Amino acid sequence: MKTSALAIRTAEQSENEPMYLPPSPPASHKPSDSDDSDSASERSEETYDLPVPPPSTYPMEVLELDKNTPDAHVVRDPRLIRLTGVHPFNTEAPLSALYDSGFLTPQELFYVRNHGPVPKVEDSESLDWTFTIDGLVDNPVTLSVRDLQTEFRQVTIPITLVCAGNRRKEQNTVRKSNGFSWGSAGVSTALWTGVLLSDVLERVRPKRKGRYMCMEGADKLPNGYYGTSVKLAWAKNPEKGMLLAWAMNGEPLQPDHGKPLRVVIPGQIGGRSVKWLKKLTITAAPSDNWYHIYDNRVLPTMVTPAMAKEDPTWWTDERYAIYDLSVNAACAYPAHKEEHPAVTPETDFTYKVQGYAYGGGGRRITRVEISLDKGTTWRLTDITYPEDRYRSLPDDATYNNSTFDVADRETSFCWSFWSLSIPMSELQAAEDVLVRAQDEAMNIMPRDMYWSVLGMMNNPWFRIEVVHEGGKVRFEHPTALKTEDGWMERAKREGRNLVDGYWGKGPAAASAAAVEVQDEVKMTNPASTRVVEYEELVAEREGSYLFVVNGEVYDGASYLEGHPGGAQSIISAAGQDVSEEFLAIHSESAKAMMPTYHIGTLSPAARRTLASPPTTTAISTALRPVFLDPKRWINATLTTKRVVSSDTRIFTFTLEHPDQLVGLPIGQHLMIKIQDENTKETIIRAYTPISCSSRKGEIDLLIKVYFGNERWKGGKMTQAMDVLGMGHRVQFKGPIGKLVYKGRGEVNLSTASPSNVKIRRFNMICGGTGITPIFQVLRAVVQDAEDATECVVLYGNRKRGDILCGKELEELERLGGSKVKLIHTLSRETDPTWKGRRGRVDNVLIEAEVGERREGELVLVCGPEEMEKDVRRICTELGWGEGDMCFF
Ligand SMILES: Nc1nc2c(c(=O)[nH]1)N[C@H]1C(S)=C(S)[C@@H](COP(=O)(O)O)O[C@H]1N2
Ligand SMILES: [Mo]
């Protein structure tokens, strides 16, 4: 633990002018145990044995990753691990880095939980930042940061913040919750300087009916500004230590932590500590802010994501809202994947097992115990409480123009550290190292996980699995971020039952009675017990298309007609193991259809053969004239990325050689497979390039990046694409799709029985990025002077800036003359200069421009699911049959 002689001013020395930028950080960072005599200047000040703010390593830089996001003004530390793609910024430090940095976390390693973009505030504007206090009060006010600094008592309190999602990845591994995966470093501590909320509330004089204090930040999110509430009685109570803070560890708040002003609520989940504070409102009822209602709750364990979605009353029951933190602990050392050579009695040594623990509501951690025998016996660890060292300061000592407000508090608002030295021989003999903490109210961490929809407040025993391998002992944490797995992910793959009370390692009897880990849709039919050999799988027989998913064999023949991806995707899957792409692109409901097509299980011999396919040396080394192969993934290299707007880019991929054709018929799509840099998850999606199919050696893809927000973590594929570096290799496969446009009105529908139809007119309806396949067909029609096919394009978007390929479409409309009619419609444009149509692609538009069914015409549709549904309904009412419509 870092402790030091912290320079403290005496009362006479303190100044009281407003000072947003605090004076230079505490003068001395010398370890207290150094016994060399202090220099003269330092000796003039009293010194105490205190944890000091870690020296900041600022200035940091705006990272490359952030430059194309709304956070392009925020400097950050590259060590932080991003948990929700690039944006919004939700991050934790590697656990060892966090733990090693000591009691006070440097701002740059402090975990960050942002629901959206970070408001931009210049240093020069910080003191003038204002917020209002109104509602049920006698004296509503508007106060600036300067007012807070000059008119109120300034205090500093060490406080630990913890996100309610800390350790959520463990819940997600048992069963996916509606929240992203935190490891166990969603917790950090700082010295917070500001004003006690109780002092400020005294000035506004809340009315008798006021029972809640609602807070709102300046970050505008999809469902309004971030906001929440706490009980007014707590906020008025100085014992609760709630602050309006502008400094952290003696420095102004960094943008990610609420610059220039935030609420800090000790002992409660981080979600209540509103950043970028703009409003306090005293009310009779809890906050009705979307984020107060749909976030930071522990719903009863039997409430599934579907139930919670259907019945909103689950969310408005205040009893399920989280305020105080629950007692929790994690082990920092041994670290995840830490290895030691197995010891003998001669080489044995004592190892210091150590980690952090925290309680809620100011309750002190009173014991932390370790078990090496699955919880039968426990050993007490030693606990240190660094925050207690501040209690010995004299009353008039000032720091950062404030006084430490800890001496007479009976609360513990910070994490504590526990450790116990254990012989390595004992550690290596155990199957697991279990840690549990208990607080002064005797709340104790449970053995079993309490799973809930939001995956919050996860606090079962922290379990480290001891693995023996090749003369070594390896310690594995429950989960790991980024590329690595923890024991839970591994155990799940091995088919162990994670919730049998023994982590899948206990007596067999226990597992029988346990709840089944249920998160996957059953795709097999128990009646299909046939064992399929390799020869049968790959035999080309009429009326049968066998393919393999997870070792099970399916026959897609009877689904050629109905398959939304076109018959071709089933045909090209024949004889192959398509597990990866099948699982990546199919929805839960698609998976639920699979038992119908399940015919049996692959024999072990067939599995082996399939796993090692005939070597690729058999494939000719001659240059392949066509890039795409329907049965194999082929690499192309990302060479250019053009940023078209804040969220759209054109990616250019270079094919295998400059003369190679893509091999994508007009109207068809290709599949792209990439690995998410953060999660290492494989992602596969279908796209239509915007480059011409006759272009050689390259393809262009227009991609709109779906950045995440509160309700949604954003587009996995598009966010992962957006961070790919130049030179990165990406795999492609195809073509796939239901329709091929041969030109001059000739359409080939690739269904079970491929049919050619001749048409006079395309009715093209699309929304957002759905323009890309439509664009290909439209361009083919326009570029061929002999092609007389009429095209009507109805293109829906939210705002003008969302229109993709706007200029190119205009150009095609102009070149196409009377053949082409293009209608844009915008549902959310507020700019009065927009003279085009407003509103969604609705029945009025479709009736007017498409009208009732006519022979010799097709309706092509591509857009978001909701839109496709509407269009299908409207067109069906107008007499168009399934055979007249093509949904991409
Ligand atoms: N205005 C605003 N305040 C906010 C949030 C936010 O997204 N917007 N996130 C909350 C959540 S869930 C947590 S855990 C903490 C995180 O604070 P930190 O990012 O400074 O660690 O801020 C809280 N306050
Ligand atoms: Mo949080």
Side-chain angles (χ1 to χ4, degrees), residues 70-71 74 76-77 80 82-84 87-93 98 105-121 129 131 159-168 177-182 185-190 192 194 214-230 242-249 251-280 287 289-292 294-298 321-323 325-326 358 454-458 708-711:
D71 289 350
V74 186
R76 287 172 173 153
D77 190 304
L80 290 174
R82 299 189 189 222
L83 308 172
T84 55
H87 184 86
F89 195 62
N90 291 301
T91 51
E92 64 181 78
L98 173 74
T105 315
Q107 278 207 61
E108 62 269 28
L109 280 188
F110 203 101
Y111 85 90
V112 179
R113 170 72 179 102
N114 290 341
H115 286 70
V118 174
K120 185 172 179 178
V121 182
W129 173 275
F131 70 101
I159 294 164
T160 294
L161 288 188
V162 187
C163 183
N166 192 30
R167 293 184 65 192
R168 184 189 285 132
S177 75
N178 286 356
F180 63 84
S181 288
W182 285 100
V187 46
S188 305
T189 302
W192 301 92
C214 300
M215 303 162 262
E216 198 177 275
D219 44 338
K220 182 108 203 275
L221 306 168
N223 296 294
Y225 293 96
Y226 184 85
T228 178
S229 59
V230 292
M242 297 187 186
L243 292 177
L244 298 179
W246 59 81
M248 207 172 156
N249 291 340
E251 296 168 323
L253 297 177
Q254 279 295 305
D256 275 326
H257 298 295
K259 176 186 181 181
L261 184 69
R262 80 176 297 172
V263 180
V264 177
I265 299 196
Q268 300 195 6
I269 53 161
R272 308 289 170 225
S273 292
V274 173
K275 304 192 270 192
W276 313 293
L277 181 70
K278 280 312 274 179
K279 266 189 196 170
L280 294 178
S287 167
N289 186 289
W290 193 93
Y291 300 90
H292 182 74
Y294 294 102
D295 203 349
N296 292 317
R297 280 164 195 259
V298 176
I322 314 165
Y323 295 97
L325 287 158
S326 52
Y358 56 80
L454 291 178
M456 288 177 160
M457 305 290 267
N458 186 50
N709 58 39
E710 175 46 29
R711 274 189 305 185

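Just so you know, ligand 1 is whichever comes first in the structure, and atom 1 is the first atom listed for that ligand. Quick caveat: nothing in here was measured; it's all calculated off a predicted structure.
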Protein contact to [atom] [nearest heavy atom, distance to 0.1 Å]:
atom	result
atom 1 (N) of ligand 1	D219 OD1, 2.8 Å
atom 7 (O) of ligand 1	H115 ND1, 2.6 Å
atom 24 (N) of ligand 1	S273 O, 3.0 Å
atom 21 (O) of ligand 1	Y111 O, 2.6 Å
atom 23 (C) of ligand 1	G270 O, 3.3 Å
atom 19 (O) of ligand 1	K275 NZ, 2.5 Å

(message) Please confirm whether E216 approaches ligand 1 to less than 4.0 Å, judged on its heavy atoms.
(response) no

(request) Could you check which of R113, K278, M215, M456 puts a non-hydrogen atom nearest to atom 5 (C) of ligand 1? (result) R113

(message) Given H257, R272, R262, identify the one with the heavy atom nearest to atom 17 (O) of ligand 1.
(response) R262

(message) Suppose I only count heavy atoms of F110 and a 4.0 Å limit; which atoms of ligand 1 are within that range?
(response) 21 (O)

(request) State the atoms of ligand 1, each with its element, that fall below the 4.0 Å cut-off from a heavy-atom position in C163. (result) 14 (S)

(request) Would you mind reporting whether P260 and W246 have side-chain heavy atoms less than 4.5 Å apart? (result) no

(message) Less than 4.5 Å apart, side chain to side chain, heavy atoms only: is that true for K259 and W129?
(response) no

(request) State, without any angle test, whether Y358 and N166 hold a side-chain donor-acceptor pair at a distance under 3.5 Å. (result) yes

(request) Say whether S287 and S229, considering side chains only, have a donor N or O and an acceptor N or O under 3.5 Å apart. (result) no

So for ligand 1, is [X] a polar contact partner (N or O within less than 3.5 Å, distance only)?
X	value
N114	no
W276	no
N296	no
Y226	no

(message) Would you call the rings of H115 and Y226 parallel, tilted or perpendicular, taking 30° and 60° as the class edges?
(response) tilted

(request) Examine the proximity of ligand 1 to Y225 and report which part, side chain or backbone, both or neither, has a heavy atom under 4.0 Å away. (result) neither

(request) Using a strict cut-off of less than 4.0 Å between a Lys/Arg side-chain nitrogen and an Asp/Glu carboxylate oxygen, indicate whether R76 and D71 qualify as a salt bridge. (result) yes

(request) List the steps, then state whether side chain to side chain contact (heavy atoms under 4.5 Å, CB included) holds for V187 with F110. (result) CA-CA 8 Å; V187 46; F110 203 101; over 6 Å; no

(request) Establish, yes or no, whether the cationic atom of R168 lies under 6.0 Å from the six-membered ring centre of F180 and within 45° of the ring axis. (result) yes

(message) Before you tell me yes or no, could you show the steps for R82 and N90 under side chain to side chain contact (heavy atoms under 4.5 Å, CB included), namely the whole-Å CA-CA distance, both residues' side-chain angles and the distance that decides it to 0.1 Å?
(response) CA-CA 6 Å; R82 299 189 189 222; N90 291 301; over 6 Å; no

(message) Measuring from atom CZ of R272 to atom CD1 of I265, what distance do you get when rounded to the nearest 0.5 angstrom?
(response) 8.5 Å

